[in-house]
Amino acid sequence: MITEKVPLQDIRNIGIIAHIDAGKTTTTERILYYTGVIHKLGNIDDGNTQMDWMPQEQERGITITAASTTCSWNKRRINIIDTPGHVDFTIEVERSLRVLDGAIVVLCGCSGVQPQTETVWRQAERYNVPRIAFINKIDRLGADFNRVLAEVHERLGANAAGIEFPDGAESNFKGIVDIINQQYIIYKDDTGMNFERVPIPDYLKEKTQEYRHKLLERLADADDVIMEKYLEEKEITPQELKDAVRRAVVQNKFLPVLVGTSLRNRGVQMLLDAVTDYLPSPLDIRPVSGIDPGTKEPTQRQASVDSPLSALVFKIASDPYVGKIYYTRIYSGKISSGFNVYNSTRDLRERVAKIVLMHANRQEIISEATAGEIVALVGLKETKSGDTLCVEDTPILIENMRIPDPVVSMAIEPKTKADQDKLGLTLKKFLDEDPSLRVQYDHETAQTIISGMGELHLEIIIDRMKREHNLETNIGRPEVAYKETLTQKVADVVGKFISQTGGRGQYGHVVINAEPTEKRGQGMVFINKIKGGSIPREFISAVEKGIKIGSQSGILAGYPVTDLIVTLIDGSYHEVDSSELAFQLAAKYALQDALHRGHSVFLEPFMDLEVVVPEEFMGNVIGDLVRRRAKIVSQGIRGKLKIARCEVPLSEMFNYANDIRSMTQGRASFSMEPAYYDIVPHSIAEKIKGERAAALNKK
């Protein structure tokens, strides 16, 4: 158990990120074994790993929810979050990276840089998280250290170099060369506990110098001290190299690459050394930034116990024994059991009943948590994921994380009428836990619609309802989350709402311009250009609200409207009859008219798809993808396999796993992730409208 306090400079808050099946959870399991947290190695295939504790994870052999744990190595505390690799659970990676100081990017020695690798890399870039890389599975058939390293340069654009390289690969993998310390690492047993550092064998010395030369070249681009010594051909000691690697990693200018095979227990101790040597402590990163919720002025908090409290709740989970637990990163100050905190996001006070350190799904109670720590709080009532906790007299509001839009929807209803209320309560719990899940009630079809990041995401939600809440449901088939937008600019669109019923009337009148945004993904943008008071200031927010309400249901088939700039340019009001409701309705009618005049169209989500297939099946697979409206982006070779990267509409990809399995005798694999939205062809748009109309007629 971890109870003693550790200085800030000795804390490492890290995440393990990668494409699905690269070996994240196995690597985490080995880390826990070598740091003494567990005493028996679990296995993904056996469903008994420490971090994949959910029944759904154990059955499917994948990570679904980010799990955190704590261990120690080289007298340093390492707080680890093991994240999912499947694109349907990308929110778990997003919110983990939001609060971490460093990350290990795990790469498969055979598959290299895959689509989800690129996604998690971009997420880490967005939050400026320093990284080290671990090329795993170097003992597998088709593994190639140099090819994967080249892909890191080409696809990720990283300034990367090996600080280790393998002696052999596939079944010929014998040991690991430590380039910085000029040592050869030999393992003595199958568990990987006993290894020896010996001088580099003669047959590897020339190769070691080549790798060291590449390392110095890359490091010279990132560090002035090394550049000076390198250009002047001065001797560079191992310690100077280590110091330079650390400086460059902390500044996000260099990616050191390590190698091993977690399943065969090789290379993990060196990875732990790299975590403690090169990844930053809370003191090495920039102070957390936010705004003062009162003045709206920018403010910062230094990573110190003596600074006022600032913390971010980045995840909420339900525990069968204690209720909700709130995963929290503390940036400054401290929290004690029984402590009252201020939620600056929601302007309310909360009481912390208990603080726990999480070891996957096990809890260790602690009395106090301080700056730099990642803990779980128990006892909060109204706090949501992404909220800031602080002290009321010196408040701060930390920027929330980015929540991706859902791409798949399905209708859901309880099997019995008696469970209708239970369904609502259960969905509310899941919404608290998972910001990427959306729930809405479709009044036209009288259905509850749940929307998520993919079929598997929604499948897991349905499964958890049954297991955790004993709630049986009927579900409709998954549907694509279409959207609607304008194709051309329209000006001077009038919206009026005038009602006279004997007493006080209603009067609202707005004039708007509407145009599509330059780029996809910008959502709904409202601009107020009212001059001279033609609409009083107190009604402007009502106009904006009316536009937002109107955008929730488009004119073609009731799908949300997006990528639209609405500018309020004029209007009028009545001294007595004008009201917020009247201006809301006027704005809603104006938007509907703008969609008609601007030739509204459907948008559909496109996926970035990578297919890996034996050469003899490539023709059939490409032909099938073309029939699915795929745009082939590139084709290549990986070992003895062919690779195709393409962009394909999500609507064409349902049940693709079964189709490609039958086409290739089960020998192909694929992965895909959301890429962008684009216009639906006219013929398919007409079909969508027909299906939507048929669904409404049934009701």
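Residue numbers count from 1 along this sequence. The structure displayed is predicted, hence computed values, not measured ones.
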If the threshold is 4.0 Å, N to carboxylate O, is there a salt bridge linking Glu240 and Lys229?
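A salt bridge links Glu240 with Lys229.
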
Before accepting this row, confirm whether a basic side-chain N of the pair Arg131/Glu125 lies closer than 4.0 Å to the acidic partner's carboxylate O.
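Salt bridge flag = yes for Glu125 with Arg131.
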
Taking all heavy atoms of [X] and all of [Y], pick out the closest pair and write down the distance.
{"X": "Ala303", "Y": "Pro282", "value": "CB-O, 3.7 Å"}
{"X": "Asp101", "Y": "Ser281", "value": "OD2-C, 4.2 Å"}
{"X": "Gly162", "Y": "Ile179", "value": "O-CD1, 3.3 Å"}
{"X": "Ser307", "Y": "Ser332", "value": "CB-CB, 3.7 Å"}
{"X": "Pro166", "Y": "Phe173", "value": "CB-CE1, 3.9 Å"}
{"X": "Val250", "Y": "Tyr278", "value": "CG2-O, 4.0 Å"}

Between the side chains of [X] and [Y], does any donor sit under 3.5 Å from an acceptor?
{"X": "Thr27", "Y": "Ser262", "result": "yes"}
{"X": "Asp273", "Y": "Gln269", "result": "no"}
{"X": "Thr383", "Y": "Asn343", "result": "yes"}
{"X": "Gln114", "Y": "Thr117", "result": "no"}

So, [X] side chain and [Y] main chain: donor-acceptor pair closer than 3.5 Å or not?
{"X": "Glu164", "Y": "Ile176", "value": "no"}
{"X": "Tyr187", "Y": "Gly267", "value": "yes"}
{"X": "Asn194", "Y": "Lys188", "value": "no"}
{"X": "Arg12", "Y": "Leu279", "value": "yes"}
{"X": "Thr261", "Y": "Arg266", "value": "no"}
{"X": "Asn74", "Y": "Arg76", "value": "no"}
{"X": "Asn13", "Y": "Asn79", "value": "no"}
{"X": "Asp10", "Y": "Pro7", "value": "no"}
{"X": "Gln251", "Y": "Ala248", "value": "no"}
{"X": "Thr388", "Y": "Ile398", "value": "yes"}

Given Leu377, which partner from the list Val356, Val341, Ile325, Ile335 fulfils the side-chain contact (heavy atoms from CB on, under 4.5 Å) test?
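Among the candidates, only Ile335 passes.
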
May I ask you to check whether over 12 heavy atoms, not counting those of [X], lie within 6.0 Å of atom [atom1]?
{"X": "Glu399", "atom1": "CD", "result": "no"}
{"X": "Asp190", "atom1": "CG", "result": "no"}
{"X": "Arg122", "atom1": "CZ", "result": "yes"}
{"X": "Lys324", "atom1": "NZ", "result": "yes"}
{"X": "Arg126", "atom1": "CZ", "result": "yes"}

Got a second to check how far Leu8's CG is from Thr370's OG1, nearest 0.5 Å?
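Between atom CG of Leu8 and atom OG1 of Thr370 there are 6.5 Å.
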
Between CZ on residue Arg77 and CD1 on residue Ile11, distance to nearest 0.5 Å:
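Taking CZ in Arg77 and CD1 in Ile11, the distance rounds to 6.0 Å.
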
Would a 4.5 Å heavy-atom cut-off, applied to side chains only, mark [X] and [Y] as touching?
{"X": "Ile80", "Y": "Ile16", "result": "yes"}
{"X": "Ile330", "Y": "Leu309", "result": "yes"}
{"X": "Asp434", "Y": "His457", "result": "yes"}

State which residues pass ring pair (Phe, Tyr, Trp, His ring centres under 6.0 Å) with Phe165; sequence neighbours excluded, sorted by chain then number.
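Ring pair (Phe, Tyr, Trp, His ring centres under 6.0 Å) list for Phe165, sorted by chain: Tyr211.
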
Donor-acceptor pairs under 3.5 Å, side chain of residues 216-226 to any protein atom, not counting sequence neighbours: which ones?
unit_1 : atom_1 : unit_2 : atom_2 : d
Glu217 : OE2    : His213 : NE2    : 3.4
Arg218 : NH2    : His153 : ND1    : 3.4
Asp223 : OD1    : Arg247 : NE     : 2.9
Asp223 : OD1    : Arg247 : NH2    : 3.3
Asp223 : OD2    : Val225 : N      : 3.2
Asp223 : OD2    : Ile226 : N      : 3.1
Asp223 : OD2    : Arg247 : NH2    : 3.0

Member of Lys381, Lys384, Lys315 meeting the salt bridge (Lys or Arg N to Asp or Glu O under 4.0 Å) criterion with Asp432
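Going through the options one by one, the only one that passes is Lys384.
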
Could you give me the CA-CA distance, side-chain angles and deciding distance for Met270 and Asp178, then say whether side-chain contact (heavy atoms from CB on, under 4.5 Å) is met?
CA-CA 9 Å; Met270 290 83 242; Asp178 181 340; 5.9 Å; no

What do the steps show when you test Thr299 against Glu297 for side-chain contact (heavy atoms from CB on, under 4.5 Å), and what is the final call?
CA-CA 6 Å; Thr299 184; Glu297 292 295 317; over 6 Å; no

